[in-house]
Structure formats: structure tokens, C-alpha cells
Amino acid sequence: MKTTNRAVRTPGGLSVRLDVRAFTVVFLLLVSALTASVVLIGTGDFPIPAADVLRTLFGEGNAGQEFIVNELRLPRVLVGLLVGASLGLGGALFQSISRNPLGSPDVLGLGQGATAGALTVIVLFSGSANQVAVGALVGGLVTGLAIYVLAWKRGVHGYRLVLVGIGVSAIVTAVNGYLLTKSDIVDAARAVVWMTGSLDGRDWAQVWPLLGLCAVLVPLVLVNARGLRMMEMGDDVSYALGVRVERVRLLLMVAAVLLTASATASAGPVSFVALTAPQLARRLTRAPGPNLLASLCMGAALLVVADWLSQRAFGAEQLPVGVVTGVLGGVYLLWLLVTERKAGRI
């Protein structure tokens, strides 16, 4: 499929450039994520055909199906969609701001920072699940603030941001190891399960806060997408085109940190989604710029498919979804490195 740009003119006289290939990719990814969600809802010890799942979602199922779908399985799938979308969008923002394909939350240490906040609550205070989620959110925000402050020098530039993030990540990882050594066996086991990244036991209590945050942050990010795309040409060019670079960069970094930290608070540190989703989306759209919507949909689709694999691909043995994304992401990263080396770019 060739990249085709078309100008769409609204009745009010506003002209919008439409990338047909990118639009098609976003649409297909969205359909894939929703289809995988329906299949996942119907999967389990009590299988439900996809047609019955759809009828139940529209309020036409029997009492047993409504309980299984609406109370047991739908919240987990919604959390998976929202977490994947948040990580995909957050990863695209960081990679665009840093102008580095490795500038994702996994590399910059935001996941480790959220983990440190959660471990602090688990190990030092034996907190509840809600308190652990709040601790993870606070830990991610504090880590993001520390990276921004340490990387500031007459502005924040991509290369320095990545280097500072790697250093902060190493420090916070050491802190996490120290916290684990100071915990008793029960808290340590609980912490290790949380650190793996899992969607088990997720209910509506995790859905509503994450949905509300995404409802605020996603439109905010999309409104500033034009400025972000211009910033990829360099700060001087962006200033000349009227973009308030540092204001836009700070706003989008705060949004990316909130998206990543809230996703980690909801499901634990699910690895590699934020790194791979934007790159896969860019390869499919073949479009310049951050590809925000495509990355969002790719992240949602990846996590739902990974959750299905974690439940069904290994027989009766279910794995945490973070294990599956780690394996798939590691394979993709190795393939990417081999491909780049053969092309002579590394």
C-alpha cells in the first residue's frame, strides 16, 4: 500500500490533510484490539461464543453470562486495553521528545520508579492494593520529575534525557533490590508478583480511575500533536514556526509520565509495550512524526493479545502478562538489532 495524502475540506472551510495509509492502519489496529477483546472475554473455564459475548455486552445475555462477562472478565479486558493504550501512547511521546527509539519509559526508568513507590508501600507499610497503586503512581511521578530536573540545562534535549534516564533507572533498580532484601518472605513474595506485571484480579475499581485519566490526557496530547511533530525537526526550527518548545515539551512529558505511572499502578511494570508499540506502529504506517493514535491502538492490541497468550498458550499453566510481553519484546528487540546491523546502521 502506498502512502497517500489527501486534503479533506470541512463545511466550515477548514482543510485537513489525511494520510490514508495511517488512517487505515489505525482503523485495522482498533478493530484487531476490539476483536481480540471479544475473544478474550469468551475465553476461560466457562467458554462463551463470541456472538453470545456481543449479545451480553448489549444487555441481551442470560443471568449467568452477564455475571461472567460484565463482572469477571470485562473489567480485566478493559484494564488491559487502557494499560496497553497508555503505555503505547506514553512510549510514543518519550521516543518523539527524546528523538531516540530507545527513549521509552522502560529505558528511562519510569517503570522502575513506579515499582520503587509500590515496593515502599508493600515493604515498609504492608499497604492494601489501592495504597500500592497510589504508591506506584507517586513513585513514577517523582522519578519523572527527577529525570526532568537533572536533564535540564537551558532546556531538555533528547540525548541528555536518555542518558540521565538510564542513570536514574540504575539507581532506582538498586533501591528496589535493597527494599526486597529488607522485606519478610510474605511481603517479598507479594512484591515479586506485583513486579512481574499482571492483570489477574482486576475489577471495576481499577477501570474507572484509569479511564478517567485517559479521557483527560489523550485529548490533551492529541491537541499538541502538531507542536510535537514540529519539535522533531529541532528546537530552532520549532521556535521559528511559533511553537513554544519548552512549554509543549514539559506538558507532554507530564502527560507521558502520568500515562506510564497510572498504567504501572494498575497492572504492574508490564515491560516492552511502551518500547515496541510505537516502533511497530511507525513501520506499519510508514508515516513521519510520532504516530500517536497508531501507537495507542498498537499498545492496546499488543497487551490484549499477550493476555490471551498468557492464559491459553501454555495449557493449564497461566503466566502473568508481563512475562509474555517481556519474551515477545525481547525477541522483537533482538530482531531489530540484527536488522539494523545488517543494514549497517549500527
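Every heavy atom of this structure was used, including side-chain atoms; hydrogens, water molecules and symmetry mates were not.
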Q: Just wondering, are more than 12 heavy atoms of other shown residues or ligands nearer than 6.0 Å to CG in L334?
A: yes
Q: Heavy-atom distance under 4.5 Å between the side chains of L309 and L328, does that happen here?
A: yes
Q: Check whether N224 reaches the backbone of G227 with its side chain - one donor and one acceptor, N or O, closer than 3.5 Å.
A: no
Q: Are V207 and L34 connected in the hydrophobic side-chain network, where two residues link if heavy atoms are under 4.5 Å apart?
A: no
Q: What closest approach, in Å, do Q95 and P278 show between heavy atoms, and which atom pair accounts for it?
A: OE1-CB, 3.7 Å
Q: Search all heavy atoms of G90 against all heavy atoms of A256 and return the closest pair with its distance.
A: O-CB, 4.1 Å
Q: Going only through I, L, V, M, F, W and Y residues with side-chain contacts under 4.5 Å, is there a path from V134 to V79?
A: no
Q: Looking at G322 and T325, what are the two nearest heavy atoms and their distance?
A: O-OG1, 3.1 Å
Q: Give, for atom CG of L89 and atom SG of C214, the distance between the pair rounded to the nearest 0.5 Å.
A: 8.5 Å
Q: Taking salt bridge (charged side-chain N to carboxylate O under 4.0 Å, His left out) as the test, write out the residues that go with R76, two or more places apart.
A: D200, D307
Q: Any side-chain heavy atom of L30 within less than 4.5 Å of one from L293?
A: no
Q: Quick one: does N291's side chain have a donor or acceptor within less than 3.5 Å of a partner on A294's backbone?
A: no
Q: V39 and V324: same hydrophobic cluster, using ILVMFWY side-chain contacts below 4.5 Å?
A: yes
Q: Please collect all salt bridge (charged side-chain N to carboxylate O under 4.0 Å, His left out) contacts where either partner lies in residues 52-64, sequence neighbours excluded, each pair once.
A: D52-R55
Q: Determine, using the 4.5 Å side-chain heavy-atom cutoff (strictly less than), whether I171 and W152 are members of one ILVMFWY cluster.
A: no
Q: So, using salt bridge (charged side-chain N to carboxylate O under 4.0 Å, His left out) as the criterion, who are the partners of R226 when residues are at least two apart?
A: none
Q: Write down the atom of Q112, the atom of D106, and the distance for their closest heavy-atom approach.
A: NE2-O, 3.5 Å
Q: Are any of the side-chain heavy atoms of R312 and L40 separated by less than 4.5 Å?
A: no
Q: In Å, rounded to the nearest 0.5 Å, how long is the span from CG of L217 to CG of L222?
A: 10.5 Å
Q: Might you point out which heavy atoms bring V107 and S169 nearest each other, and give the distance in Å?
A: O-CB, 3.8 Å
Q: Which word best sums up how the rings of F27 and F23 line up, parallel for under 30°, tilted for 30 to 60°, or perpendicular for over 60°?
A: parallel
Q: Would you mind telling me which of L252, V257, L258, L251 makes a side chain to side chain contact (heavy atoms under 4.5 Å, CB included) with V254?
A: L258
Q: Nearest 0.5 angstrom please: L179 CG to D187 CG, how far?
A: 11.0 Å
Q: Taking the side chain as C-beta and beyond, is there a heavy-atom pair between L110 and F94 under 4.5 Å?
A: yes
Q: Would you confirm whether S198, through its side chain, and W194, through its main-chain N or O, come within 3.5 Å as a donor-acceptor pair?
A: no
Q: Which heavy-atom pair separates A261 from L141 by the least distance, and what is that distance?
A: CB-N, 4.5 Å
Q: Hydrophobic clusters here meaning ILVMFWY residues chained together by side-chain heavy-atom distances under 4.5 Å, can you tell me if W308 and V323 are in one?
A: yes
Q: Any non-hydrogen side-chain atom of L319 less than 4.5 Å from a side-chain atom of Q311?
A: no
Q: Is L81 close to L303 at the side-chain level, that is, under 4.5 Å between some pair of heavy atoms?
A: no
Q: Say you draw a straight line from CG of L93 to OG1 of T260; how long is it, rounded to the nearest 0.5 Å?
A: 8.5 Å
Q: Give a yes or no on this: more than 12 heavy atoms of other residues, nucleotides or ligands lie within 6.0 Å of atom CH2 of W204.
A: yes
Q: Taking the side chain as every heavy atom from C-beta outward, state whether F67 and R73 have any atom pair closer than 4.5 Å.
A: no
Q: Are the side chain of S96 and the backbone N or O of A92 linked by a donor-acceptor pair below 3.5 Å?
A: no
Q: Look at the side chain of R21 and the backbone N and O of A287, then say whether any donor-acceptor pair between them is shorter than 3.5 Å.
A: no
Q: Taking C-beta and beyond as the side chain, do S295 and M298 meet within less than 4.5 Å on heavy atoms?
A: no
Q: How long is the straight-line distance from OH of Y148 back to CE of M253, given to the nearest 0.5 Å?
A: 7.0 Å
Q: Indicate yes or no for a side-chain donor-acceptor contact from E66 to the backbone of A63 under 3.5 Å, with no hydrogens or angles considered.
A: no
Q: Between V53 and L57, does the side chain to side chain contact (heavy atoms under 4.5 Å, CB included) criterion hold? Intermediate values first, please.
A: CA-CA 6 Å; V53 170; L57 291 174; 4.0 Å; yes
Q: Might you work through the side chain to side chain contact (heavy atoms under 4.5 Å, CB included) test for L108 and I166, ending with a clear yes or no?
A: CA-CA 5 Å; L108 297 179; I166 291 173; 5.8 Å; no
Q: Side chain to side chain contact (heavy atoms under 4.5 Å, CB included) between S262 and L137: does it pass, once the steps are laid out?
A: CA-CA 6 Å; S262 61; L137 183 60; 4.3 Å; yes
Q: With side chain to side chain contact (heavy atoms under 4.5 Å, CB included) as the test, would you mind laying out the steps for L87 and L259 before giving the verdict?
A: CA-CA 7 Å; L87 292 174; L259 287 167; over 6 Å; no
Q: Yes or no on side-chain hydrogen bond (donor to acceptor under 3.5 Å, both in side chains) for T115 and N176, after CA distance, side-chain angles and deciding distance?
A: CA-CA 7 Å; T115 301; N176 292 341; 4.9 Å; no
Q: How long is the gap from CG on N62 to OG1 on T56, to the nearest 0.5 Å?
A: 6.5 Å
